[in-house]
Peer 1: 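Quick one: the structure is below, and I'll ask about it shortly.
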Amino acid sequence: MKTRQLPPSFYRCSALQVAPDLLYCRLAVRESSGKIKRLTISETEAYVGEEDLACHASRGRTTRTEVMYQEGGVFYVYLIYGMYYMLNVVTAVRDRPEAVLIRGTREVSGPGRLTRDLQLGGELNGRPVTPKSGVWIEEKERPPKRIRKGPRVGVSYAGAWADKPYRFIGEDR
DNA sequence: CATTCGATCGGG
DNA sequence: CCGATCGAATGA
């Protein structure tokens, strides 16, 4: 059984490349019991920088978006609607604010449910995507048979950017 | 300071 | 469709 974690170079390119590449990779979480839970990533969305009106960084550096400006390979986690944490992986190079939202896994659908079920929160924000953080990502054993693309969810306010096919769903048929 | 609002979810 | 629930962003 392969359990290789993704190399740092994986995250150092565009979110548009990383988002589909993350499909079927394994999200690994070390639980308090010491046991490691692994989920297969099945849905992602790319947020591609300051020009992207759906990206939080479209309004520049702020307290919240600062981690997006880090070199790819750290988590960007924020609270939304006062009750759900969104789990993102920062990609690209330093000062290039791109990120991939992990929207769902085969086991758990929905970005809010995912973090709730795995009990992941703000403490992960800015931490590296490595076992040191207790949460990391491992290589896929096989790629999805198909990758469906579509507009991102919940960003209708983003004008022309709302329609771009930056949402990726991995399927086996 | 005050107010608005969101990369969601679950219930009706 | 609507309410929950709260921090960050925005505006006065």
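In what follows, chains carry the letters A, B, and so on, assigned in the order in which the sequence lines appear, proteins first and then strands, with residues in each chain numbered from 1.
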Peer 1: With heavy-atom distances below 4.5 Å as the criterion, would you say the side chains of A:Val90 and A:Glu98 are in contact?
Peer 2: no
Peer 1: Can you confirm if the NZ or CZ of A:Arg106 lies within 45° of the ring axis of A:Tyr24 and under 6.0 Å from the centre of its six-membered ring?
Peer 2: yes
Peer 1: Can you tell me which residue among A:Glu50, A:Glu51, A:Glu71 is in a salt bridge (charged side-chain N to carboxylate O under 4.0 Å, His left out) with A:Arg96?
Peer 2: A:Glu51
Peer 1: Regarding A:Arg127 and the six-membered ring of A:Phe75, is the cationic atom NZ or CZ under 6.0 Å from the ring centre and inside 45° of its axis?
Peer 2: no
Peer 1: So, A:Arg26 versus A:Thr40: side-chain donor-acceptor pair below 3.5 Å or not?
Peer 2: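 On atom types as modelled, these side chains qualify, holding a pair under 3.5 Å.
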Peer 1: Determine the interatomic distance between P on C:dT5 and the same-named atom on B:dA2; round to the nearest Å.
Peer 2: 23 Å
Peer 1: Between A:Tyr85 and A:Glu123, is any side-chain donor less than 3.5 angstrom from a side-chain acceptor?
Peer 2: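 There is no such pair between these side chains.
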Peer 1: Check whether NZ of the Lys or CZ of the Arg A:Arg61 lies under 6.0 Å from the centre of the six-membered ring of A:Tyr69 and within 45 degrees of that ring's axis.
Peer 2: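 Yes; both conditions hold, so A:Arg61 lies above the ring face of A:Tyr69.
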Peer 1: For every nucleotide of nucleotides 3-12 of chain C, 5' to 3': is a protein heavy atom under 4.0 Å from its base (B), only from its sugar-phosphate (S), or from neither (-)?
Peer 2: -BBB-SSS--
Peer 1: So what does the secondary structure string of DNA chain B come out as, 5' to 3', with Watson-Crick or wobble pairs under 3.5 angstrom, [ ] for crossing and | for pairs with another strand?
Peer 2: ||||||.||||.
Peer 1: Is A:Arg142 salt-bridged to A:Asp172, cutoff N-O under 4.0 Å?
Peer 2: yes
Peer 1: How far apart are the C-alpha atoms of A:Val129 and A:Leu6, what are their side-chain angles, what is the distance that settles it, and do they pass the side chain to side chain contact (heavy atoms under 4.5 Å, CB included) test?
Peer 2: CA-CA 9 Å; A:Val129 185; A:Leu6 297 174; over 6 Å; no
Peer 1: Are A:Arg152 and A:Tyr47 in a cation-pi setup, meaning NZ or CZ lies under 6.0 angstrom from the ring centre and within 45 degrees of the ring axis?
Peer 2: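 Cation-pi check for A:Arg152 and A:Tyr47: passes.
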Peer 1: Going 5' to 3' on DNA chain B, which nucleotide is the first and which the last to come under 4.0 Å of a heavy atom in chain A?
Peer 2: B:dG6 to B:dG10
